[in-house]
Q: 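Here it is, the structure, as structure tokens.
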Amino acid sequence: MDNQRNMIMAIVLSALVLFGWSAISRHYFPTANPPVTKTVDGKQVALPNPTVDAPAVLRDRAVVLAETPRLKIDTPAVAGSINLKGLRLDDLVLKKHRETIDEKSPPIRLLSPGGAAKAYFANFGWTGEGLRVPGNDTVWQTNATVLTPAQPATLFWENGEGQRFEVTVSVDADYLFTITQRVANHGASAVAARPFALVSRVGKSADPDGWTMHTGPISYWDGQAHFDVNYPDLDKQGAEGTRFSIADGWLGFGDKYWLTALVPDAKSAVDAALFARSTDNYTAVFNPPSATLLAPGKAATITSRFFAGAKDVSLLERYDREGITRLNLAIDWGWFRWFEVPIFHVLDWLFKLVGNFGVAILLLTVIVRGLMFPIAQKQFASMAGMRALQPKMKALQERYKDDKPKLQQEMLSLYKTEKVNPLAGCLPIVLQIPIFYALYKVLMLTIEMRHQPFIWWIHDLSAPDPMTPVNLFGLLNFTPPAFLALGVLPILLGITMYLQFKLNPAPTDEIQKQVFGIMPWIFMFIMAPFAAGLQLYWVMSNTLTILQQKWLYSRHPALLAAEGKQEPKAK
């Protein structure tokens with residue numbers, strides 16, 4: 001009867017873990033990128049990008065782009081154009097990143113013109129008093145036909161009242177535009193002009209916004225990055241939005257991998273705001289606190305920068321060193337950034353060494369287990385000591401079975417006398433938790449991991465393992481639901497965890513025995529939707545732990561014999 005009760009309790013606890021985790025993980029621990037392949041007739045076939053434009057678009061983007069005069073943009077990292085009508089940077093694709101793992105798939109589109117699907121653009125202009133300023137219908141002239149890192153472009157417009165407006169645009173070899181706005185007053189009377197810069201986007205990010213990863217409005221000011229405003233907040237606030245002053249910082253919109261950020265000149269403070277023009281229409285903007293009064297013959301100039309591209313860790317850190325304060329915090333590392341960033345750099349260094357991120361993860365696992373080996377030795381020594389104390393502990397349990405406080409007191413005294421720490425066996429697990437979480441964040445957030453293959457069927461380590469026996473590895477024409485799509489790596493994870501638990505000293509409590517017996521298979525289902533790179537790390541860690549346990553058991557034969565895991569020697 002007791003065994004049946006223990007089994008039922010173990011099953012109930014395991015079910016609570018499995019289904020409870022599934023309920024909360026969507027918000028607190030997003031699992032992985034969407035699958036990039038599906039199995040057809042036993043072969044991996046690339047899937048289309050689920051975030052590209054839906055069939056029902058507003059207008060065809062190519063038609064919208066062709067309607068206005070444009071200044072072409074061509075650099076090693078980006079391609080696109082600036083709309084000379086209204087001076088909008090509204091056409092930008094990222095050459096180095098594609099929508100899917102298929103090499104023939106189109107590059108990621110970051111910016112798109114108004115009137116087309118997912119409009120997303122930057123605009124630079126003026127407001128003023130006593131003068132006519134350029135507007136959305138103003139057609140600018142330019143001194144260049146193409147904008148390249150080696151060839152800046154100057155756009156200019158005269159209002160016919162004596163004022164000339166100029167915008168000089170330069171771009172580096174990556175994702176940073178430098179914008180210099182100048183207005184010269186050649187009229188007979190003084191005028192007041194106030195420059196502005198804004199980023200506008202229609203629609204929310206397709207990437208999830210949760211506890212471990214922020215997507216949406218983002219800014220850095222007053223010495224810290226601000227992730228506390230999201231799209232629903234702006235919808236509620238409307239045109240009032242969230243307003244603040246920036247003396248040295250930036251603001252914009254971040255997706256999981258992509259970022260647009262306006263960077264004011266750090267020499268003086270500007271007024272900034274994040275707000276919604278209407279539902280699903282969001283704007284980030286800054287301008288000086290007041291207009292500049294220009295006497296006849298005077299001019300005013302302001303320089304700002306605009307980042308539009310991929311959140312490459314090393315690149316953002318380089319821009320930080322070059323004067324864009326803490327642009328690297330656009331990646332939402334969270335509280336454990338101090339630990340996660342070094343893990344990323346070690347992994348990135350290993351990747352550059354071996355040329356394969358999967359192999360780099362395996363090598364990282366070896367390094368981690370190697371560093372923890374002395375602790376594991378102490379863990380096993382503690383296990384041996386605890387096993388030697390079992391007869392004395394059982395005697396105490398019998399003697400004080402009706403006096404729990406006294407039993408606890410006597411057991412603590414026994415541990416102290418025998419110099420045994422019952423918590424020492426937990427230390428390796430506790431130390432691995434931050435490493436595991438850091439790797440989870442690295443695989444979730446960094447563009448460097450996107451679409452990185454390992455071997456055979458694993459074409460993206462940031463997505464779940466796509467090969468599952470549930471549909472006979474793709475031979476059956478159906479796609480199992482996510483919680484049943486057990487890939488090969490999650491199955492190996494469950495098996496190696498089971499073997500690892502079998503090598504551990506058996507718990508004395510029957511319920512614990514039942515829970516430990518079921519837990520590997522529960523974790524197999526829990527880990528199935530997570531990134532293949534995380535699954536690979538855990539499988540490798542379990543395998544190394546098993547080998548390590550085998551070796552340490554050979555150093556502690558008394559523990560092995562006490563567990564009944566050693567064959568009696570032949571006479």
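Because only heavy atoms are used, hydrogens play no part in the values below, and waters and symmetry mates are left out as well, while side chains stay in. For this chain, numbers begin at 1 and follow the sequence in order. Because the structure is predicted, anything quoted here is derived from the model rather than measured.
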Q: Between S541 and Y537 (side chain of the first, backbone of the second, donor and acceptor by atom type, cut-off under 3.5 Å), is there such a pair?
A: no
Q: With no hydrogens and no angle check, is any side-chain donor or acceptor of E448 less than 3.5 Å from a backbone partner on V313?
A: yes
Q: Roughly how far apart are D248 CG and D222 CG, rounded to 0.5 Å?
A: 11.0 Å
Q: For Y282 and Y231, take the angle between the two ring planes, folded into 0 to 90°, and tell me which bin it lands in: parallel under 30, tilted 30 to 60, perpendicular over 60.
A: tilted
Q: Can you find a pair of side-chain heavy atoms, one from R337 and one from N328, that are under 4.5 Å apart?
A: yes
Q: On a heavy-atom basis, which atom in P453 and which in L461 lie closest, and how many Å separate them?
A: O-CD1, 4.0 Å
Q: Roughly how far, to the nearest 0.5 Å, is the CE atom of M449 from the CG atom of D348?
A: 7.0 Å
Q: Using a 4.5 Å cut-off on heavy atoms from C-beta on, say whether the side chain of E340 contacts that of L445.
A: no
Q: Establish, from distance only, whether the side-chain atoms of D207 and T215 form a donor-acceptor pair under 3.5 Å.
A: no
Q: Looking only at heavy atoms, which two atoms of L489 and A532 are closest? And how far apart?
A: CD1-O, 3.6 Å
Q: Does Q548 use its side chain to pair, donor to acceptor, with the backbone of F373 at less than 3.5 Å?
A: no
Q: If you define the side chain from C-beta out and look only at heavy atoms, does anything of P149 sit under 4.5 Å from P76?
A: yes
Q: Please check if the side chain of K441 supplies one atom and the backbone of T212 the other of a donor-acceptor pair under 3.5 Å.
A: yes
Q: Quick check: closest heavy atoms across L147 and P152, and the distance to 0.1 Å?
A: CD1-CA, 3.8 Å
Q: Salt bridge or not for D74 and K95, using N-O below 4.0 Å?
A: yes
Q: Given V366 and M540, is the side-chain contact (heavy atoms from CB on, under 4.5 Å) satisfied, shown in steps?
A: CA-CA 8 Å; V366 172; M540 184 63 174; 3.8 Å; yes
Q: Could R318 and D174 be called an ion pair, given the rule that one side-chain N must be under 4.0 Å from one carboxylate O?
A: yes
Q: Please tell me if the side chains of L350 and I367 come closer than 4.5 Å, counting only heavy atoms from C-beta onward.
A: yes
Q: Applying side-chain contact (heavy atoms from CB on, under 4.5 Å) to R109 and E99, what does each step give before you reach the verdict?
A: CA-CA 9 Å; R109 173 166 288 280; E99 291 177 354; 5.5 Å; no
Q: Between Y175 and A310, what is the shortest heavy-atom contact and its length?
A: CE1-N, 3.6 Å
Q: Rounded to the nearest 0.5 Å, what separation is found between the CD1 atom of I447 and the CG atom of L315?
A: 11.5 Å
Q: Just verifying a value: how many Å separate L259 CG and I218 CD1, rounded to the nearest 0.5 Å?
A: 6.5 Å
Q: Going from CG on L536 to CG on D465, what distance comes out if it is rounded to the nearest 0.5 angstrom?
A: 10.0 Å
Q: Any donor-acceptor pair under 3.5 Å linking the side chain of R201 with the backbone of G203?
A: yes
Q: Does atom NZ of K72 have more than 12 heavy-atom neighbours, drawn from other residues, nucleotides or ligands, at distances under 6.0 Å?
A: no
Q: Under the side chain to side chain contact (heavy atoms under 4.5 Å, CB included) test against N542, which residue among I495, T365, T496 passes?
A: T496
Q: Report yes if some heavy atom in the side chain of Q452 is under 4.5 Å from a heavy atom in the side chain of F351; otherwise report no.
A: yes
Q: Only one of K550, Q500, R369 forms a side-chain hydrogen bond (donor to acceptor under 3.5 Å, both in side chains) with T545, so which one is it?
A: R369
Q: Tell me, yes or no, whether the heavy-atom count around Y498 atom OH, taken from other residues, nucleotides or ligands under 6.0 Å, exceeds 12.
A: no
Q: Can you list the steps and then say if D460 with F357 is a side-chain contact (heavy atoms from CB on, under 4.5 Å)?
A: CA-CA 10 Å; D460 187 356; F357 260 113; over 6 Å; no
Q: Flag the pair D90 and R70 as a salt bridge only when some basic side-chain nitrogen lies within less than 4.0 angstrom of an acidic carboxylate oxygen.
A: yes
Q: For the CD1 atom of I331 and the OH atom of Y257, what is their distance to the nearest 0.5 Å?
A: 11.0 Å
Q: Measuring only between side-chain heavy atoms, which start at C-beta, is S112 closer than 4.5 Å to F121?
A: no
Q: Assign the ring pair F306 / F124 to parallel, tilted or perpendicular, where the plane angle (0 to 90°) is split at 30° and 60°.
A: perpendicular
Q: Checking W538 against F530 for the ring-ring contact (aromatic ring centres under 6.0 Å, His included) test, could you report, in this order, the C-alpha distance in whole Å, the side-chain angles of both residues, the deciding distance, and whether it holds?
A: CA-CA 11 Å; W538 202 335; F530 279 82; 9.1 Å; no
Q: Got a donor-acceptor contact below 3.5 angstrom from the K311 side chain to the A330 backbone?
A: yes
Q: Spell out, as yes or no, whether a donor-acceptor pair under 3.5 Å connects the side chain of R98 to the backbone of S105.
A: yes
Q: Between I82 and F177, is the side-chain contact (heavy atoms from CB on, under 4.5 Å) condition met? List the steps.
A: CA-CA 12 Å; I82 297 175; F177 294 82; 5.6 Å; no
Q: Would you mind reporting whether L363 and V359 have side-chain heavy atoms less than 4.5 Å apart?
A: yes
Q: Using a 6.0 Å cut-off, check whether atom CD of E322 has over 12 heavy atoms from anything other than its own residue.
A: yes
Q: Kindly give the heavy-atom pair with the smallest separation between Y220 and L329, and that separation in Å.
A: CE1-CD1, 3.9 Å
Q: Are the side chain of D255 and the backbone N or O of S205 linked by a donor-acceptor pair below 3.5 Å?
A: no
Q: Taking all non-hydrogen atoms of both residues into account, name the closest pair between S462 and R450 and its distance.
A: OG-CA, 3.9 Å
Q: Ignoring hydrogens and geometry, is there a side-chain-to-backbone donor-acceptor pair from D320 to L327 under 3.5 Å?
A: no
Q: Between F339 and I435, is any pair of side-chain heavy atoms under 4.5 Å apart?
A: yes
Q: Applying the side chain to side chain contact (heavy atoms under 4.5 Å, CB included) criterion to T168, which one of T178, I179, T180 satisfies it?
A: T180
Q: Measure from the side-chain N and O atoms of H214 to the backbone N and O of D332, and report whether any donor-acceptor pair falls under 3.5 Å.
A: no
